[in-house]
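What follows is one structure encoded as structure tokens, with my remarks underneath.
Here is the naming used below: chain letters follow the sequence lines, and residue numbers restart at 1 for every chain. Because the structure is a prediction, the values reported are computed rather than measured.
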Protein chains: 2
Amino acid sequence: MSPYDPSAFPPFAVTVDLVVLTVREHVLSALVVRRGEPPFQGRWALPGGFVRADEDLAAAAARELAEETGLRAQSPGSSGGPGAHLEQLATFGDPQRDPRMRVVSVAHLVLAPDLPAPRAGGDARSARWAQVGELLGSGDGSALAFDHAQILAEGVERARAKIEYSSLATAFCPPSFTVGELRRVYEAVWGVALDPRNFHRKVTGTPGFLVPTGGTTTRQGGRPAQLFRAGGATVLNPPMLRPEV
Amino acid sequence: MSPYDPSAFPPFAVTVDLVVLTVREHVLSALVVRRGEPPFQGRWALPGGFVRADEDLAAAAARELAEETGLRAQSPGSSGGPGAHLEQLATFGDPQRDPRMRVVSVAHLVLAPDLPAPRAGGDARSARWAQVGELLGSGDGSALAFDHAQILAEGVERARAKIEYSSLATAFCPPSFTVGELRRVYEAVWGVALDPRNFHRKVTGTPGFLVPTGGTTTRQGGRPAQLFRAGGATVLNPPMLRPEV
DNA sequence: GATCATAGTCGTCTGCCTGACGATAAACAG
DNA sequence: CTGTTTATCGTCAGGCAGACGACTATGATC
């Protein structure tokens with residue numbers, strides 16, 4: 001076969017889909033948009049869209065993210081500063097996943113701090129934050145369009161695994177946060193309760209994880225808590241252990 | 001934009017590329033094929049090819065693997081039995097990664113036991129096992145075609161990370177193997193020396209990791225060693241710790 | 001103002017696991 | 001028989017996590 005002959009390979013549409021996760025009111029939530037047209041009209045789906053002809057995959061994901069949320073992406077490599085964490089998740093290419101045509105979707109994972117209500121995308125689709133537990137609840141009418149439930153599940157599992165051995169949980173926090181706020185992120189993502197004292201010892205004892213800003217806050221009530229920002233460390237060694245079941 | 005209009009999205013070629021790793025003579029090695037045509041004619045590249053019109057991504061990877069090596073793939077989920085471990089690695093879609101056209105490549109990672117010399121593919125390209133260290137050695141003439149050095153590097157890093165917390169290292173071993181053979185897999189993949197006594201304690205003490213077959217062997221010389229096969233456990237908790245630096 | 005509820009922070013203790021390493025066992029080569 | 005190689009069992013000290021007691025500093029309530 002000659003790779004120069006366009007008829008030698010089948011043409012695919014390539015899209016990016018986004019699993020945008022945040023922690024709202026102590027609950028892990030994902031960004032979903034309502035589909036305005038068939039198939040799956042009226043159903044909720046992950047945000048996404050076609051990759052443009054001269055666009056890198058990560059750039060397409062960052063563009064879609066900005067269109068849906070106004071967030072600037074923070075690709076791996078660049079560290080600190082504002083913007084959400086963005087990384088490639090996995091690619092989904094079942095021939096039947098889109099009834100219209102052959103679509104290969106490169107899913108991306110975005111971890112964002114708590115945001116104001118999402119703004120409507122350029123195409124005026126309505127968007128909202130939905131609790132992950134409800135979106136993945138088995139067999140109810142809230143099922144996502146296409147194979148998006150599977151994509152979301154993989155994104156959630158990736159996030160759950162990654163905050164174990166990386167400092168990525170800080171991506172869910174505002175630039176300045178307390179140890180308690182960080183703990184509530186872990187608790188929401190993992191769906192477990194953690195001992196505040198052991199958690200405090202662990203995160204403050206890991207070099208480079210947290211840097212004190214000097215300030216304090218009482219926005220959570222109770223005794224004033226020290227404020228921290230994310231340190232330079234990206235890997236946690238030894239990792240934060242997820243309690244077994 | 002109407003998704004029904006083919007002109008509404010740019011057409012892409014979609015390929016799968018394979019990072020096939022094995023341990024040969026105590027060295028981590030990857031399968032490479034020599035390119036018979038431009039671009040990069042004569043250079044070594046990762047095996048791969050176009051995804052067919054009605055073919056799933058994993059199926060395309062398994063097909064290419066069989067064409068190049070005769071190996072049957074063992075996708076995640078199915079466990080035990082013969083065949084190599086296959087999992088999706090990452091997707092590479094830089095607009096410039098192939099000078100001929102826009103190609104999005106879904107890279108897959110294959111972990112295989114030591115094999116006889118690779119057989120030529122159906123298209124008669126020559127194939128060989130190359131030491132990973134040489135393929136990734138900086139700046140020499142052995143550089144791989146396209147962005148395959150980057151793909152290989154990600155595959156190697158994935159393998160290094162995954163044998164830490166999973167039983168995947170057994171995928172490099174024949175169906176029946178000794179603790180010493182398994183240790184040499186870890187040493188080759190990580191490029192470090194491990195203490196045989198602590199390693200033995202760790203792997204035999206992790207429930208479900210190894211199952212004794214009852215037999216022994218002296219194929220490594222020295223005192224006869226017990227033979228094991230991989231147990232049902234897929235995750236190692238606590239993980240096997242990779243020595244620092 | 002005293003009391004209570006809430007949240008943060010510091011310590012202690014115990015058990016498990018790892019790294020370092022000594023010692024013994026069972027094969028083969030000379 | 002002796003040395004070499006590999007396998008396997010044991011011992012010991014240090015590090016870290018889980019369980020949990022104690023104290024501190026705020027705001028809310030009586």
For A/Leu227 and C/dA7, give me the distance from atom CG to atom P, rounded to whole Å.
17 Å

Please tell me which of the listed nucleotides, C/dG19, C/dG8, D/dA17, lies nearest to the side chain of A/Leu241?
D/dA17

Atom CG of B/Leu194 to atom P of D/dT6: distance rounded to whole Å?
15 Å

Any idea which of C/dG8, D/dA22, C/dA20 is nearest the B/Arg201 side chain?
C/dA20

Is A/Trp44 close to A/Arg128 at the side-chain level, that is, under 4.5 Å between some pair of heavy atoms?
yes

Residue whose nearest DNA chain D nucleotide is more 5′ - A/Lys202 or A/Gly222:
A/Lys202

Nucleotide of C/dA26, D/dT24, C/dA27 approaching B/Arg223 most closely (side-chain heavy atoms)
C/dA26

Let me know the distance between CD of B/Gln226 and P of C/dA25, rounded to the nearest Å.
17 Å

Between B/Val189 and B/Arg242, is any pair of side-chain heavy atoms under 4.5 Å apart?
no

Quick check for you: among C/dG8, D/dG10, D/dT6, whose closest atom lies nearest to any side-chain atom of B/Gln220?
D/dT6

Considering only D/dC9, C/dG8, D/dA19, which nucleotide approaches the side chain of A/Asn198 most closely?
D/dA19

Specify the separation, in whole Å, of atom CG of A/Asp195 and atom C1' of C/dT14.
15 Å

What is the nucleic acid contact for B/Arg184, judged by heavy atoms within less than 4.0 Å: base, sugar-phosphate only, or nothing?
sugar-phosphate

Counting side-chain heavy atoms from C-beta on, which of D/dA7, D/dT8, D/dA17 comes nearest to B/Thr178?
D/dA7

Using the closest heavy atom to pick a nucleotide of DNA chain D for each, name whichever of A/Pro243 or A/Arg197 lands nearer the 5' end.
A/Pro243

Do the ring planes of B/Tyr186 and B/Trp190 sit parallel (below 30°), tilted (30 to 60°) or perpendicular (above 60°)?
perpendicular

Options C/dC10, C/dG8, D/dA17, nucleotide nearest the side-chain atoms of A/His200
C/dC10

